[in-house]
Protein chains: 2
Amino acid sequence: MPAPTLHATTAQWLTKDNQRYTSQRRALVAVLADAVQPLTIPQLLERQPGLAQSSAYRNLAVLERAGVVRRIVTSDEFARYELAEELTHHHHHHLICTDCGGVTDFELSDAIEHTLETALAAMAARTGFVIRDHQLDIVGTCPKCRSGG
Amino acid sequence: MPAPTLHATTAQWLTKDNQRYTSQRRALVAVLADAVQPLTIPQLLERQPGLAQSSAYRNLAVLERAGVVRRIVTSDEFARYELAEELTHHHHHHLICTDCGGVTDFELSDAIEHTLETALAAMAARTGFVIRDHQLDIVGTCPKCRSGG
DNA sequence: ATTTATGCAAATCGTTTGCAAACCT
DNA sequence: AGGTTTGCAAACGATTTGCATAAAT
């Protein structure tokens with residue numbers, strides 16, 4: 001159940017980037033909003049029959065440039081896509097399963113997240129690096145693969 | 001200046017994995033030990049003339065399986081390689097510059113690192129996920145690109 | 001001797017791109 | 001009309017692999 005402002009905000013961000021909010025792009029955003037975890041291109045094509053692979057790549061690139069979508073690249077064969085945190089207001093990190101390649105979201109407590117961000121800001125100030133984003137990935141084995149393997 | 005135990009430990013880990021510590025692999029480890037940041041394959045080939053590209057890929061895969069080397073994959077075109085933390089005893093994270101693609105290491109204070117690890121362990125216990133490793137990446141712009149761009 | 005490592009060139013495969021038709025405004 | 005988007009098929013490029021030779025044990 002996407003928030004009512006989801007498509008409105010997306011449209012706005014695309015417009016700001018001189019891009020149109022076409023029906024395909026709207027459908028992509030809807031699928032990503034419904035997904036419980038970041039999706040690969042094959043998974044997106046499965047959930048959106050009739051979508052050409054090249055259009056998926058192109059539209060996701062457009063959505064990424066507009067800040068609507070985030071691309072996650074693991075050592076897995078496919079990249080994965082999810083809605084940007086700025087859009088979902090849902091701060092989270094990733095559990096990456098080395099067995100099945102799946103990516104699951106998790107959250108830290110606000111306190112720890114805040115501590116971490118403060119430390120990173122201090123580090124950035126020290127080094128002159130400008131932080132755009134941070135990404136905490138946990139690599140290991142998910143419960144499903146742990147029992148099934 | 002590599003620690004005296006570097007090659008000894010590497011040899012031991014490779015042997016445990018039924019792999020030989022050939023001169024090429026030794027040279028790769030030496031180059032990585034000298035590097036101040038994770039290196040791409042082209043950078044490795046530059047620093048080790050005469051090394052075949054395919055051998056670089058193959059040997060780095062062997063070293064990665066043995067736990068000697070860690071492969072870092074960003075959205076950049078090339079993957080990057082560095083010595084594993086278990087070998088350098090040097091806990092660190094990565095600053096990834098979206099401009100030049102460079103990866104720079106940084107450390108958090110022991111206190112924050114410990115807080116973070118405790119929180120992650122609790123999360124793992126809650127979800128049933130088995131943690132092998134965690135990776136904290138900061139995405140942004142490095143000082144060089146910030147002034148030069 | 002037998003297994004493993006290496007270099008070369010070719011294959012692989014996720015992703016990107018050229019182009020003509022369909023779409024929007 | 002004037003631009004953008006889409007689908008198809010072809011191109012791209014980092015990585016992998018087959019095979020014959022060299023090295024290691």
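Below, chains carry the letters A, B, ... as their sequence lines are ordered, and counting in each starts from 1.
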Check your understanding: Do Ser109(B) side-chain atoms and Ile112(B) backbone N/O form a donor-acceptor pair below 3.5 Å?
Key ->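 Here the side-chain-to-backbone pair exists.
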Review point. Between Thr98(A) and Gly140(A), is there a donor-acceptor pair closer than 3.5 Å when you use the side chain of the first and the backbone of the second?
Key: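 Indeed, once roles are kept as given, a pair shorter than 3.5 Å links the two residues.
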Practice item. Can you check whether any acceptor in the base of dG14(C) is under 3.5 Å from a donor in the side chain of Arg71(A), or vice versa? Key: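 Counting by modelled atom types and ignoring angles, no donor-acceptor contact under 3.5 Å is found here.
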Point to revise | Heavy-atom donor-acceptor pair, Ser54(A) side-chain to dC8(D) base, under 3.5 Å | key: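 Checked by distance alone, the answer is yes.
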Point to revise | Closest-nucleotide 5' rank along DNA chain D - winner of Glu77(B) and Arg20(A) | key: Arg20(A)
Practice item. Please figure out whether Tyr81(B) or Ser23(B) has its closest DNA chain D nucleotide nearer the 5' end. Key: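 Counting from the 5' end, the first nearest nucleotide belongs to Tyr81(B).
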Rounded off to whole Å, could you give me the [atom1]-to-[atom2] distance for the [X] and [N] pair?
X	N	atom1	atom2	answer
Arg65(A)	dT5(D)	CZ	P	10 Å
Arg58(B)	dA11(C)	CZ	C1'	13 Å
Ile41(B)	dG7(C)	CD1	P	13 Å
Leu51(B)	dG7(C)	CG	P	6 Å
Gln24(B)	dC8(C)	CD	C1'	13 Å
Ile72(B)	dT15(D)	CD1	P	13 Å
Leu28(A)	dT5(D)	CG	C1'	13 Å
Phe78(B)	dT16(D)	CZ	P	13 Å

Exercise for review: May I ask you to verify if any side-chain N or O of Asn59(A) is less than 4.0 angstrom from the OP1 or OP2 atom of dT6(D)?
Suggested key: yes
Review point. Is the phosphate of dC23(C), meaning OP1 or OP2, less than 4.0 Å from a side-chain N or O of Thr22(A)?
Key: no
Check your understanding: What do you reckon, is NE2 of His114(A) surrounded by more than 12 foreign heavy atoms closer than 6.0 Å?
Key -> no
Would you mind classifying the nucleic acid contact of [X] as base, sugar-phosphate or nothing, using non-hydrogen atoms under 4.0 angstrom?
X	answer
Ala79(B)	sugar-phosphate
Tyr57(A)	base
Gln53(A)	base

**Study point:** Salt-bridge criterion met for Arg70(A) and Asp133(A) (N-O under 4.0 Å)
**Key:** yes
Check your understanding: Should Arg146(A) and Asp99(A) count as an ion pair when the cut-off is N to O under 4.0 Å?
Key -> no
Check your understanding: Angle class for the His134(B)/His91(B) ring planes (parallel below 30°, perpendicular above 60°, tilted otherwise)?
Key -> parallel
Exercise for review: To the nearest 10°, let me know how far the axis at one end of the helix from dA1(C)-dT25(D) to dT25(C)-dA1(D) is tilted from the axis at the other, five pairs an end.
Suggested key: 30°
Review point. Between His92(A) and His94(A), is the ring centre distance below 6.0 Å?
Key: yes
